[in-house]
Structure formats: structure tokens, C-alpha cells
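Quick note on labels: first sequence line is chain A, next is B, and so on, each numbered from 1.
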Number of protein chains: 2
Amino acid sequence: MSRHTAGGTIASMDSSNTRREATRRKLFEAAVTLIAEQGFSSTTVDEIAERAGVAKGTVYYNFASKNVLFEELLRHGVEMLAASLQNAADEVAERGGSRVDALDAMIHAGLYFISQYPALTQLYVAELWRTNRTWNSTLMMVRERAVSVVADVIRDAVAGGELSEEIDIPLTASALFGMVLVAALDWQSFQPDRSIDDVHAALSRLLQGRVSGHQHAGGAGAEAGTCPS
Amino acid sequence: MSRHTAGGTIASMDSSNTRREATRRKLFEAAVTLIAEQGFSSTTVDEIAERAGVAKGTVYYNFASKNVLFEELLRHGVEMLAASLQNAADEVAERGGSRVDALDAMIHAGLYFISQYPALTQLYVAELWRTNRTWNSTLMMVRERAVSVVADVIRDAVAGGELSEEIDIPLTASALFGMVLVAALDWQSFQPDRSIDDVHAALSRLLQGRVSGHQHAGGAGAEAGTCPS
DNA sequence: CTTTTTGCACTGACTGGTCAGTTCAAGAGG
DNA sequence: CCTCTTGAACTGACCAGTCAGTGCAAAAAG
């Protein structure tokens, strides 16, 4: 019989109240910053424990291994990001905005997320394209989860005629994702004083093709030389 | 004593066809793939030596330490990339193309470079935004070197009236860089069969604002450029 | 009410293994 | 003969994971 709470099953789910859950959260927080700074391999479990203010044994009481701690961290993080992006898109849809507006809102949400969790973002970028790593499948899933939110909106926009049918949906989603990712990391690293709206406006401008002053007036040659055929 | 290596950095510059230089190149090649796969910390010097087909002692005869080997690798790699981008831009300029054409050519050159040196690219992405690392200043320099090539062309384009004066040059350069980087890594990782021109066309389309089907009146004219099929 | 039991959550010294870097004598090569 | 390479043995630091033990609050027993 479990002496604590009535049902053991529920007790383990019950996230916010238990002492254990608080410890896990502290460990996540400690791990994410340390790993973002130093990388996974050069971050020691002792460091994580110290930063979290617990003993090393506690880490192993709460997570099966350093690897498992990291995987759960990745999963937890990407759920937050995906939810945040999805939410931004949904809000625009409810308000009756277009899909393109939704994409724009997602860029804003992405920028906001990165500004809130810069360490988590650094960490993803650093690990996402690495091969031969034990947690590769987790990383795959994580990437898919994030990019597909963007791809879905693009797909809807194409279906609704808002975007050209000729665009390459997965590639465009990736490119968009990368654009926001790298621009945001540079923003955070090198121009942290700029406002999010400022950065957002710059990216929007780039995307909407309003970068060029006199568009394609005479510049039809933009890719004339590059087309193979 | 091992000081001959430290002092011999310059000496090794002039001798480009010595036996030693060949060994160094083999070590670079071995190191870049291993580190891209596993990360710096979890790649051992023994592994690098084995992959390069030399003895461990040789590694330390040629490089002062594992760290120094890595730093020289980073420098060497970014010089190749910067030269490649610059070259693409210069060729367009010589042919009398516009700056926007030069940007487009740089995207192509970037894609090509990444397809040629995927491991090097992975490695940069993984390390570029990391803080608190011994070789941080090297990384800073490396990033600056690469992005500034792009930024310079954008600046010229703005000065020449080809691009709007309202664009944010450094941020746009970063965003562009990130777009190509992430799209290329996804291409290599998940759709390696696609041709470079196909990927290039998709990115050009995204950039030129011709993604949207009926948004900008100006974009309609050039729509013929659906090169891939 | 008090005493005892139970077991969760946590502790931190310890272990066994790994790895960067060293050393050096014996070649290889040009 | 001087530069470069080999290969193996060695050192010492560092680190993931273990385990015997502690503290505590709630439940059971008295």
C-alpha cells in the first residue's frame, strides 16, 4: 500500500505539487544552461547537480542516466515550442486572419520563444544535425514536431490559394525555420538591446519580398543564370 | 620537448608540399568528420589518429593540443567558405550582373559548399553559438568572416539603389545565412537526392517574395522562372 | 496521544574506467 | 643527418554511475 497519496499512479502524474517534481524542474533548468554553454559531453553530472543545488545521487534518483535527463529535456522543450507556435497560428485563425498572417504570427512567436529560452534554442541548434548519437531518434522526432507545425500552415495556405502551388512545402518550412532561428540567435548574441518588433519587422520585410526597392522591374535575371534545364 | 610545434606554426605555412603538410591535411579530414558526428569533447585523439592512419605521437608532433588542432581546422574551413562566396559574387560582378544576382549566386555557392563539406558545416552550426568555450574568440572571428561577405554585397546593393534602404543589413545577412544553412542541412539530411538547382530555385522563390500567389502585383511577371520540374 | 514503522527523496564518498598529453627509442625518408 | 613518423607504455586528472546510509513525514500500532 502506498502510504502517501491515495493512488500511486496519480501521485506520479501529479506534477506540480510533489517535492520530486520540483527537483526535476531544478535539474532541467540547471542542465539546459550548462549544456547550451559547454555542450553535452563536456558538462558533468556533478556540475548539473551543483547548479541545481542537489546532490549527485539525486540526479540518478530522478533520471536513469545523463542521457535520459537530456532526452527528457529535449522533449519537454520542443513541446513548449510547438505549443507556442500552434497557439499563435490558432489565434490568428480565430480572429479570421489569413494563413499568411498566421505565418507572420508564428515568426513573432518563434522570436519570442527564443528570447525567453535562449539556452534551449542554442542547445537545439547545436545538436539537431548531429549524427551517430545515442539520442538521434529523439532529435528526429523533435525536429519533425517543430517543423511540421510550420509546414501545416504553409500547406493550408497553398490549399487555400494564398500561396503559390509551386513552393516546396517542407523545404520552405525548413528555410523559414532556419531564418528565424539564426536571426534570433544573432539578435540575442550581438544586438540584445533591439526590440522584438524591430527584429520581427526586419524578417517580415525580407520574407514579403519588400527587400528590393524596385522589385523585379529589370531584375528578371535574378536566377536566369542559375536555371539548369 | 614539444615546443617545436608551437613555434613552428609559421614555418609550416611556407612548406605546402612537405610530408608534414600531407599529414596535417589527413588529420584535418579525419577530425572534421569525427567531430561533426560526435562533437568535440567525445571525439578522442586516438580516434582521430586512427582514422587518419597515423600514430598518436604524430598528432602531437603536428599540433600542440587537441584544442589547437580544432582551432586551425575552424580557421581553415571558414577561409574556404568565405573565398567560395566571395568568388561567386565577384564572378557575377565581372559579368556585369546586379548585386541581387550576386546574392543569388552566393546562395548557390553556399549550397554547393555545404554539399561538398557537410561535416564541416554541421560542425560550425553545432559550435557557433556556444559560449564559455576556450576557442570562443576564434569562433567569433569565423562567424564574422562568413557573414560579412554577405553583408558587404547587401550593403553595396543598398548603396546602388537595388535594395531598399530600410532593410537591416546585419540582420538580413544573418537571416539569409541561416536560411541557406538550415535548408541545406535539411536537404542533405533528409532529401539528399534532390538536385542543387532544385533546392536553389526553392530558396530563390522564397526570397524574391514570389511565394505568394496573388499578393504583390509586381511578382506576377517573373513567374515563368519555374526552372525545376 | 506517543511510539514505531514505512518508504520516498535525497546524500556524498567511492569505484572503475577513460582519455589528454608525455616520453622515448627506433626507424623512414628525402 | 636532419626532419618527420612510429608505437607502445605511462601518468594523472576527470567523470559517469553506484550504494550504503540519513532525514523526514505520514501511517499504523499501542
Side-chain angles (χ1 to χ4, degrees), chain A residues 1-28 30-31 34-35 38-71 73 133-135, chain B residues 1-28 30-31 34-35 38-71 73 133-135:
Chain A
M1 287 299 158
S2 315
R3 65 252 100 249
H4 285 154
T5 22
T9 23
I10 297 163
S12 60
M13 295 287 285
D14 179 359
S15 46
S16 41
N17 292 353
T18 63
R19 179 156 67 126
R20 188 165 181 180
E21 208 54 37
T23 304
R24 288 171 66 96
R25 223 176 300 120
K26 279 194 292 181
L27 284 169
F28 275 156
L34 285 167
I35 296 178
Q38 308 175 327
F40 176 80
S41 303
S42 29
T43 298
T44 70
V45 175
D46 290 274
E47 277 177 314
I48 296 173
E50 193 191 344
R51 171 85 67 108
V54 301
K56 188 179 188 177
T58 305
V59 177
Y60 286 93
Y61 182 76
N62 285 283
F63 299 95
S65 67
K66 188 185 171 188
N67 265 296
V68 169
L69 163 57
F70 186 55
E71 278 183 28
L73 182 63
R133 213 69 166 195
T134 43
W135 54 77
Chain B
M1 291 301 143
S2 58
R3 77 187 118 349
H4 52 311
T5 314
T9 344
I10 296 162
S12 62
M13 295 284 282
D14 47 16
S15 52
S16 51
N17 38 5
T18 58
R19 185 156 55 124
R20 187 169 183 178
E21 208 54 35
T23 304
R24 289 170 64 96
R25 225 175 299 120
K26 279 194 292 181
L27 283 169
F28 276 157
L34 285 168
I35 296 178
Q38 307 173 330
F40 176 81
S41 303
S42 30
T43 300
T44 70
V45 173
D46 290 275
E47 275 177 317
I48 296 173
E50 191 191 347
R51 171 85 66 110
V54 302
K56 186 179 183 179
T58 306
V59 177
Y60 284 94
Y61 184 78
N62 284 283
F63 298 95
S65 67
K66 187 185 171 188
N67 265 294
V68 169
L69 164 58
F70 186 55
E71 277 184 28
L73 181 64
R133 212 68 166 197
T134 45
W135 52 77

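- Regarding B/Tyr60, its OH atom lies at a distance of 12 Å from the P atom of C/dC19, rounded to whole Å.
- As rounded to whole Å, 14 Å separates atom P of C/dA20 from atom CG of B/Leu27.
- Taking 4.0 angstrom as the limit, B/Thr23 places a side-chain polar atom (N or O) nearer than this to OP1 or OP2 of D/dT5.
- Two residues, A/Ala64 and A/Ser42, neighbour DNA chain D, and the one matched to the more 5' nucleotide by heavy-atom proximity is A/Ser42.
- Candidate nucleotides C/dT11, C/dT22, D/dA16 were compared by shortest atom distance to the side chain of B/Lys56, and C/dT22 ranks first.
- For A/Lys66 and D/dC14, the NZ to C1' distance is 12 Å, given to the nearest whole Å.
- Comparing A/Gly57 and A/Glu47, the nucleotide of DNA chain D nearest to each residue sits closer to the 5' end for A/Glu47.
- When the nucleotides C/dG21, C/dC10, D/dT3 are ranked by their closest atom to the side chain of B/Tyr61, D/dT3 comes out on top.
- The side chain of B/Asp46 approaches C/dA20 more closely than any other nucleotide in the set C/dC10, C/dA20, D/dG17.
- Of the listed nucleotides (C/dG21, D/dT6, C/dA28), D/dT6 has the atom at the smallest distance from the side chain of B/Ala55.
- For A/Val54, counting side-chain heavy atoms from C-beta on, the closest listed nucleotide (D/dT5, D/dG17, C/dT11) is C/dT11.
- Between A/Arg20 and C/dA9, a side-chain N or O to OP1/OP2 separation shorter than 4.0 Å is present.
- The CZ atom of A/Phe70 sits 14 Å away from the P atom of D/dA16 (whole-angstrom rounding).
- Residue A/Thr58 places none of its side-chain N or O atoms closer than 4.0 Å to OP1 or OP2 of C/dA9.
- Dashed line: the shortest gap from a side-chain N or O of B/Asn62 to OP1 or OP2 of D/dC4 is not under 4.0 Å.
- Counted by atom type alone, A/Ser42 and B/Ser41 present one or more donor-acceptor pairs between their side chains at under 3.5 Å.
- Side-chain proximity of B/Ser65 to the nucleotides C/dC10, D/dT5, C/dG21 is greatest for C/dG21.
- Contact between the side-chain N/O atoms of B/Thr44 and the OP1/OP2 oxygens of C/dC19 is not found at any separation under 4.0 Å.
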